[in-house]
Peer 1: 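My questions will all concern the structure given below.
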Amino acid sequence: MPTTTNKEKDYYATLGVKKTASADDIRKAFRKLARKYHPDVNPGDKTAEEKFKALSEANDVLSDPKKRKIYDQLGFYSDNIDPAAAEAYGRGGGFGAGGFGGPGPGAGGARTSTQEVPFDFSGFDFNGYSEGAGAAGRKAGGGGFRDIFSNIFGGGRGEPVHQAEPGDDLEYQVNVGFWQAIKGTVMKLNIPHLEVCGNCHGQGYIESPGVCPECKGKGQITQKSGSMKFNMPCPRCGGSGKNRTVCNVCHGEGRVERTESLEVRIKAGTRDGQRIRIPGRGNAGTMGAPAGDLYIIVRTEDHPVFKREGDDIQITVPITFTEATLGAKVEVPTIDGRALLKIPPGTQPGQKLRLREKGVPSAVKDGARGDEIVEVKLVAPKISDERSKEILRELAKLNPQDPREELWKQV
Ligand SMILES: [Zn+2]
Ligand SMILES: [Zn+2]
């Protein structure tokens, strides 16, 4: 079973798309992968080069509706196949789309074994085809892979170098200190993003007077490789026939990666998880399309004492038995410094007392502030002298109390 061959020729798998992928899906998948494996990006990397060749081949077939149809029917593609014959063959008994033509992994068993299928393969050779295609591509432009790259990205059919696509939004997370988030601050951030290439002004190519010297303005070239003849869009001019050379700064992409230094204002009262939108500072679009937005996600740090609940501050404060029983005014920490808190007589442990407008200034509503919520924690007196013990015994006698009465009722 020639499983290796099967794998290599599963163009859908090569591009990582489903068999039902739209032309746009295929184009996008190819662009993404081609950028990653492009030999310019991976100099001297044989594996990347092979991968790039495989990608180009898969794209060549799948991006052409006619070729794709043949491939879908037969599980392979060659220029020698007459589409009508392919269709007839695809319908032929026992070799329907599922059994023979389906490039999906399930159909692999029956698909490309030359021994098992009654089809004349003598006209072409799979290995020859793929190598031939690669070699033809390399020779064609005289400028190496960059030209293939531009050809592919150039749309090759007289279209502009690439389509206008809005830039992606970008998202970055920043950690902001507890106090910085409360009081507000300005942060200097270095944000990597794609900017319009200054060399070609986002076109991806530089245009000179005259016609393309490679195709003499026709936009197409013919390549021969063994028994195969290729009619392909001119890789040098991307099929436009114009005297274009791929921009050597952005390699045809029209955008370049740059790290931008930004000053981002963190408003007083910014909460954890808050998103700050900076319009137009995401990735640049292509061909003059608008840039995406930049989103800064704020992560605020914790404080050992103050806990933020939105704009409120929560804090636990220990008080004595006497303060709780008789009531008192005690000093408690707030984010502004010390504040006086009134403990009402008879305060119970765990009770929450509110200090109005001692919380965090609102980042959304001007002038508004949260509260500080003080949870009291009772500290039992530590007594060792006889006199204190006597007083407490007397106190207990004067106030007979069973704090477990309610508990027993509920058991
Ligand atoms: Zn040309
Ligand atoms: Zn450029």
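Note that the coordinates shown come from a computational prediction; the quantities given were computed from them, not determined experimentally. Indexing begins at 1, ligand by ligand and atom by atom, following the structure's order.
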Peer 1: Identify all side-chain donor-acceptor contacts of residues 169-182 below 3.5 Å with residues at least two apart in sequence or on another chain.
Peer 2:
from	atom 1	to	atom 2	distance (Å)
Asp169	OD1	Asp293	N	2.7
Glu171	OE2	Arg275	NH1	3.1
Tyr172	OH	Pro192	O	2.9
Gln180	OE1	Gly177	N	3.1

Peer 1: Between Asp371 and Lys358, is there a side-chain N and carboxylate O pair less than 4.0 Å apart?
Peer 2: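 No, Asp371 and Lys358 are not salt-bridged.
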
Peer 1: Assess whether side chain to side chain donor-acceptor pair (under 3.5 Å) is satisfied between Ser22 and Asp25, documenting all intermediate values.
Peer 2: CA-CA 5 Å; Ser22 69; Asp25 293 338; 3.2 Å; yes

Peer 1: Salt bridge between Glu253 and Arg31, side-chain N to carboxylate O under 4.0 Å?
Peer 2: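 Looking at Arg31 together with Glu253, the answer is yes, because their closest N to O distance falls below 4.0 Å.
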
Peer 1: Could you check if a side-chain atom of Ile206 sits within less than 4.5 angstrom of a side-chain atom of Asn199, using non-hydrogen atoms only?
Peer 2: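 Yes - at least one pair of side-chain heavy atoms lies under 4.5 Å apart.
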
Peer 1: Everything protein-side that's N, O or S and under 2.8 Å from the Zn ion (ligand 1): list it, residue and atom.
Peer 2: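 Near the Zn ion (ligand 1), below 2.8 Å, one finds Cys212 SG, Cys215 SG, Cys234 SG, Cys237 SG.
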
Peer 1: For the Zn ion (ligand 2), which protein N/O/S atoms are closer than 2.8 Å?
Peer 2: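 You should have found Cys197 SG, Cys200 SG, Cys247 SG, Cys250 SG.
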
Peer 1: Output all residues satisfying salt bridge (Lys or Arg N to Asp or Glu O under 4.0 Å) with Arg281, sequence neighbours left out; order by chain, then residue number.
Peer 2: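 Counting only residues at least two positions away or on another chain, Arg281 forms a salt bridge (Lys or Arg N to Asp or Glu O under 4.0 Å) with Glu260.
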
Peer 1: Is Arg271 salt-bridged to Asp311, cutoff N-O under 4.0 Å?
Peer 2: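 Asp311 and Arg271: salt-bridged.
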
Peer 1: Regarding Asp24 and Arg27, does a basic nitrogen lie under 4.0 Å from an acidic carboxylate oxygen?
Peer 2: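 Salt bridge flag = yes for Arg27 with Asp24.
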
Peer 1: Checking side chain to side chain donor-acceptor pair (under 3.5 Å) for the pair Ser261/Asn190: CA distance, chi angles, key distance, verdict?
Peer 2: CA-CA 4 Å; Ser261 290; Asn190 292 318; 2.7 Å; yes

